[in-house]
S.K.: 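Here it is, the structure, as structure tokens.
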There are 2 protein chains.
Amino acid sequence: MSLRHAVLGLLAAQPASGYDLLKTFQSSLANVWPATQSQLYGELARLADSGLVEVRTEGPRGRKEYEITDAGRRELRHWILEVEPERVRRSDTLLRAFLLGSVEPEHALDFLQGRATAADERHAELRALAASTPWGQGDLSVYGRITLEWGLRFSAMQREWADWAAGQIAAASPAVQQKPR
Amino acid sequence: MSLRHAVLGLLAAQPASGYDLLKTFQSSLANVWPATQSQLYGELARLADSGLVEVRTEGPRGRKEYEITDAGRRELRHWILEVEPERVRRSDTLLRAFLLGSVEPEHALDFLQGRATAADERHAELRALAASTPWGQGDLSVYGRITLEWGLRFSAMQREWADWAAGQIAAASPAVQQKPR
DNA sequence: GAGGACATGTAATCCGTTACATGATTCA
DNA sequence: TGAATCATGTAACGGATTACATGTCCTC
């Protein structure tokens, strides 16, 4: 049920149409909570039904500009501060790591080295994003940076973990030479 | 489509019934790729339909012991080594962080301090799990440790990030005192 | 007037969760 | 004989993804 709160959070900053929100979900939010057009319009309708948002104005081409209501603000605040976040549950990469025993050690090493490279690439991508973002003075700037920093730290951690894990496998399989980087 | 590969991966190590697999999904795998009983029995039926596993023996109480087939092993190997893992897409915590601008800075600080505590608790939980696990000599031991290490590093990273983020907010809101720990 | 951007909506399908339902075997 | 465990299956519901469908407005 977090898409609902993502939408409320965006509308808490400023009124917007589904189309406006969609652009945000495809750009900055794509790295945090991606959502599709279908989902978004459906969620807006449901939010309006439950009184957490309202149509403020209807514009050309059927444009509906939504505004958060007081009930919506209360719900958002409650969710952020009082609902315990769920842990990240599933990671594709981690599942593969768990199952690496079913391939030969040299292929396990290849996998981990691939993960190290992918983590580096992700890190570079986020660094580029940070550099190209016109960071202003507002809240969005402070919290956007904090969110991005999480991504940088996460990808750095993945890189270091993959290197460490490759070392562990090399140590456990003396016959296998770890390829030099 | 990863539950399918989690099941194949477990059956690659040894034949098992749905009931056996369920216990694994509720213990060690719960930290990596949780799955419910419903899901599991459904997936086993689908895997058998597509010829990736086979019923090896039928035991008492309708027990069906499944075995991976050659086609299943090929599919597993292909998935582990040749299918690019998906990035972790959604994090409840990160979405809240992104939206923290909609609450007062002192509550944003509370949130981040709560995350720091939760990360510490998770870290301790995983340390306890590592200590209480009878690590043997096999593959499961090597790859289980590697997976657990990821969790330890992840929770450590979250803790450090939450502390750093709290510092950023305190700096951006000079009026707000960061509570001492 | 044609093309692109704006703008919303619906349908099909898949995956995951919760709950319901049923029955067999073992052991105290 | 009754409780616990073993064992499998189905149904209902909600969220996410992809694809389909339609129409309007602006600008060149």
Side-chain angles (χ1 to χ4, degrees), chain A residues 1-8 10-11 15-27 29-50 53-67 79 83 85-92 95, chain B residues 1-8 10-11 15-27 29-50 53-66 79 83 86-92 95:
Chain A
M1 279 259 303
S2 298
L3 172 62
R4 145 159 285 202
H5 300 104
V7 171
L8 283 175
L10 295 182
L11 291 179
S17 69
Y19 193 81
D20 293 339
L21 294 175
L22 183 59
K23 281 181 289 181
T24 305
F25 274 98
Q26 285 169 344
S27 55
L29 260 184
N31 293 294
V32 177
W33 203 273
T36 61
Q37 182 258 34
S38 277
Q39 248 185 307
L40 204 44
Y41 284 109
E43 194 59 53
L44 280 168
R46 261 171 275 132
L47 281 164
D49 277 352
S50 37
V53 306
E54 277 173 1
V55 175
R56 193 172 70 144
T57 53
E58 306 214 6
R61 287 175 280 207
R63 175 189 174 92
K64 295 186 207 163
E65 201 171 62
Y66 290 92
E67 186 175 36
W79 179 76
V83 178
E86 281 178 43
R87 278 223 313 275
V88 172
R89 302 167 72 75
R90 293 178 172 92
S91 154
D92 233 21
L95 176 58
Chain B
M1 278 257 303
S2 298
L3 172 62
R4 144 159 288 202
H5 299 104
V7 172
L8 283 175
L10 295 182
L11 292 178
S17 68
Y19 193 82
D20 293 339
L21 294 174
L22 183 59
K23 280 181 290 182
T24 305
F25 274 99
Q26 285 168 344
S27 55
L29 260 184
N31 293 293
V32 178
W33 203 272
T36 61
Q37 181 258 34
S38 279
Q39 247 185 307
L40 203 45
Y41 284 108
E43 194 60 55
L44 280 168
R46 262 171 273 131
L47 280 164
D49 277 352
S50 36
V53 307
E54 277 173 2
V55 176
R56 193 173 71 145
T57 54
E58 306 214 5
R61 286 174 281 211
R63 174 188 174 94
K64 295 186 207 165
E65 200 171 61
Y66 290 92
W79 178 75
V83 178
E86 280 177 43
R87 278 223 313 275
V88 171
R89 301 167 71 75
R90 293 180 173 90
S91 155
D92 234 20
L95 176 58

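Chain letters run A, B, ... following the sequence lines, proteins first and then strands; every chain starts at 1.
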S.K.: For A/Arg56, which residues count as a side-chain hydrogen bond (donor to acceptor under 3.5 Å, both in side chains) partner, sequence neighbours excluded?
M.R.: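 side-chain hydrogen bond (donor to acceptor under 3.5 Å, both in side chains) list for A/Arg56, sorted by chain: A/Glu65.
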S.K.: Mind calculating the distance between OH (A/Tyr19) and P (D/dC25) to the nearest angstrom?
M.R.: 15 Å
S.K.: Distance check needed: D/dA16 P versus A/Phe25 CZ, whole Å only.
M.R.: 10 Å
S.K.: Can you list the residues that meet the side-chain contact (heavy atoms from CB on, under 4.5 Å) rule with B/Leu22, with sequence neighbours excluded?
M.R.: B/Gln26, B/Gln37, B/Leu40
S.K.: Please confirm whether the backbone N or O of A/Pro34 pairs with a side-chain atom of B/Arg90, one donor and one acceptor, at under 3.5 Å?
M.R.: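 Checking the backbone N and O of A/Pro34 against the side chain of B/Arg90, a donor-acceptor pair under 3.5 Å is found.
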S.K.: Once side-chain contact (heavy atoms from CB on, under 4.5 Å) is applied, do any residues pair with A/Ser91, and if so which ones, sequence neighbours excluded?
M.R.: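 Scan of A/Ser91 (side-chain contact (heavy atoms from CB on, under 4.5 Å), adjacent residues dropped) gives A/Thr93, A/Leu94, B/Val88.
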S.K.: Run the salt bridge (Lys or Arg N to Asp or Glu O under 4.0 Å) test against A/Arg46 and tell me which residues pass, sequence neighbours left out.
M.R.: A/Glu43
S.K.: When the distance from CE of B/Met1 to P of D/dT18 is rounded to whole Å, what number comes out?
M.R.: 14 Å
S.K.: Starting from C1' on D/dC6, measure out to CG on B/Leu22 and report it in whole angstrom.
M.R.: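 About 11 Å, once rounded to whole Å.
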S.K.: Are side-chain N/O atoms of A/Arg4 and A/Ser50 paired as donor and acceptor at under 3.5 Å?
M.R.: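 Judged by distance alone, the side chains do pair up.
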S.K.: Go through the N and O atoms of the side chain of A/Gln39 and the base of D/dT17, and report whether any donor-acceptor pair is under 3.5 Å.
M.R.: no
S.K.: Of all of residues 57-66 of chain A, which get a heavy atom below 4.0 angstrom from DNA chain D, listed by number?
M.R.: A/Pro60, A/Arg61
S.K.: Mind checking side-chain contact (heavy atoms from CB on, under 4.5 Å) for B/Gln39 and listing every partner two or more places apart, or none if nothing turns up?
M.R.: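 Result, side-chain contact (heavy atoms from CB on, under 4.5 Å) vs B/Gln39: B/Leu3, B/Ala35, B/Thr36.
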S.K.: Sequence neighbours left out, what pairs pass salt bridge (Lys or Arg N to Asp or Glu O under 4.0 Å) with at least one residue falling in residues 15-25 of chain A?
M.R.: A/Asp20-A/Arg63
S.K.: Please report the distance, rounded to the nearest Å, between CD in A/Glu43 and C1' in D/dG15.
M.R.: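 Taking CD of A/Glu43 and C1' of D/dG15, I get 9 Å after rounding.
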S.K.: Less than 3.5 Å between a donor and an acceptor, one on the side chain of A/Thr36 and one on the base of D/dT18, is that the case here?
M.R.: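 Side chain to base: no pair present.
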S.K.: Can you work out whether B/Gly42 or B/Arg90 has the more 5'-proximal nearest nucleotide on DNA chain D?
M.R.: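 Looking at the nearest nucleotide for each, B/Gly42 comes out on the 5' side.
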S.K.: Nearest whole angstrom, please: distance from the P of D/dA21 to the CD of A/Gln37.
M.R.: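 A/Gln37 atom CD is separated from D/dA21 atom P by 14 Å.
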S.K.: With sequence neighbours excluded, what pairs up with A/Asn31 under the side-chain hydrogen bond (donor to acceptor under 3.5 Å, both in side chains) test?
M.R.: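 A/Asn31 satisfies side-chain hydrogen bond (donor to acceptor under 3.5 Å, both in side chains) with A/Arg122 once adjacent residues are dropped.
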S.K.: Could you give the start and end, 5' to 3', of the contact zone on DNA chain C for chain B, using atoms under 4.0 Å from its heavy atoms?
M.R.: C/dC15 to C/dT25
S.K.: For B/Leu47 and D/dT8, give me the distance from atom CG to atom P, rounded to whole Å.
M.R.: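 Distance, rounded to whole Å: 14 Å.
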S.K.: B/Asp20 CG to D/dA7 C1': how many Å, rounded?
M.R.: 10 Å
